[in-house]
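Indexing begins at 1, ligand by ligand and atom by atom, following the structure's order.
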Amino acid sequence: MIIQLEKGIEKNKVDSIQTTLSKLKFSVNPVTTQFEDYLVCIGKTEFDIREIGHLQGVKDVHRVSDNYKLVSNKWKTKNTIIDLGDDVVIGNGSTSIMAGPCSVESEEQMESITKHLIKNNIRIMRGGVYKPRSSPYAFRGLGIDGLKMMHALCKPRGIKIITEVMQVSQIEEMYPYVDVFQVGARNSQNFNLLDALGGLDKPVLIKRGVSGTIEELLYSAEYVFSKGNERLMLCERGIRTFETIYRNTFDINAIQVLKDKTHLPVIADPSHGVGIRDYVSKLALASVIAGADGVIYEVHEKPEEALSDGQQTLNFMESDLLVQKLNKLLSFT
Ligand code: PEP
Ligand code: MN
């Protein structure tokens, strides 16, 4: 059960509601986000909702039978919309495009990608500066200097930045330069990181774990929400299966399933989802048909020279074509 409390409710009223809930044998978890105060209650499912609904200070009561609560659309029927400012909005019915290199590599590389994004009216740039790599000898990113360089190019042009944060200690330094914090697949269940991002007022995109279930992804989102941050989105990026022909199995089913279960925006990452350049554009288009609120993909002027994930990165011509096709598709849907 989720109880929404009235804005500015006095502490003695909250205490009194909590006493009643304890008597009814509910365990109560108070949650304060940037928007609302809630009591998330775990306990019996059979009860007269009016016993709680009439209490002073209660704005609304919702039964939520799912194991995750705050991210469930059983109580919040309006989809979450994330406004990044400068008319960049995610989840409002439009399809957001986020594109950029797997890794920020150099000023020259970033300048050419910035121009490519501007040409295609892409308002959100992706680009990793802290890279989770399977091998410790692979390129692991330029760190905070790379992020500052990305910011210096994007900020004056109204381009928003999404980039991966790998650990709690990086958050503070990254904060001024980031518009959306990405939690990578390998950190999808790093609960300390999720808790810490829950304390921020900046949006968070959580990727599905390499072998993560849909429900585990929803639980990860519940961590962030229950620590106070409602500005959240989810990302399907493929999972590990017995198939070895491609890098990951892009679970297109998950897009609609997530849309059915949560009010959060769902973003598709076909680049990591399949790991092979030739299929990325087709899967991006398929994701939009499947109901994704946006796509995030990797692009580079010379993918064959990219320091990471070149094999799944579109070149500028392929990316131009994808944007044209996405726009055409969106004009029909
Ligand atoms: C990335 O976005 O570059 C990345 C490493 O993604 P994932 O966590 O999905 O592997
Ligand atoms: Mn990558």
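A cation-pi arrangement is present between K202 and Y175 under the rule of less than 6.0 angstrom and at most 45 degrees off the ring axis.
H300 places a side-chain heavy atom less than 4.5 Å from the side chain of K302.
Using a 4.0 Å cut-off between charged nitrogen and carboxylate oxygen, E6 and K59 do not count as a salt-bridge pair. Comment: D309 does not engage R277 in a salt bridge, judged by the lack of any side-chain N to carboxylate O separation of less than 4.0 angstrom.
Looking from atom 4 (C) of ligand 1 to the surrounding protein, the closest heavy atom is H272 NE2, 3.4 Å. Of the protein's non-hydrogen atoms, the one nearest atom 8 (O) of ligand 1 is A185 N, 2.7 Å. The protein non-hydrogen atom at the shortest distance from atom 6 (O) of ligand 1 is K207 NZ, 3.0 Å. Summary of contacts: the protein heavy atom closest to atom 5 (C) of ligand 1 is E164 OE1, 3.8 Å.
Classification of the Y223-F191 ring pair by plane angle, with boundaries at 30° and 60°, yields parallel. Under the 30°/60° scheme for interplanar angles, the aromatic rings of F316 and H116 are found to lie parallel.
Counting atoms of ligand 1 from 1 in the listed order, those under 4.0 Å from a heavy atom of G184 are 8 (O). With ligand atoms numbered from 1 in the order given, ligand 1 contributes 3 (O) to contacts under 4.0 Å with heavy atoms of E298.
Not a single heavy atom of R208 sits less than 4.0 Å from an atom of ligand 1. Within the 4.0 Å heavy-atom shell around ligand 1 one finds C102.
The shortest N/O to N/O separation between R237 and ligand 1 falls below 3.5 Å. The shortest N or O to N or O distance between K131 and ligand 1 is below 3.5 Å. The distance criterion of under 3.5 Å between nitrogen or oxygen atoms is met by R126 with respect to ligand 1.
Nearest to the Mn ion (ligand 2), among the N, O or S atoms that D309 has, is OD2. The name of the N, O or S atom in E298 nearest to the Mn ion (ligand 2) is OE2.
With the Mn ion (ligand 2) as vertex, C102 SG and H272 NE2 subtend 170°, rounded to 10°.
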Carefully, step by step, assess Y279 and F250 under the rule ring-ring contact (aromatic ring centres under 6.0 Å, His included).
CA-CA 11 Å; Y279 303 124; F250 186 60; over 10 Å; no
side-chain hydrogen bond (donor to acceptor under 3.5 Å, both in side chains), that's the test. Do T32 and D37 meet it? Break it down for me.
CA-CA 4 Å; T32 296; D37 290 318; 2.9 Å; yes
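In plain terms, the two heavy atoms of V299 and I113 that are nearest each other are O-CD1, 3.5 Å.
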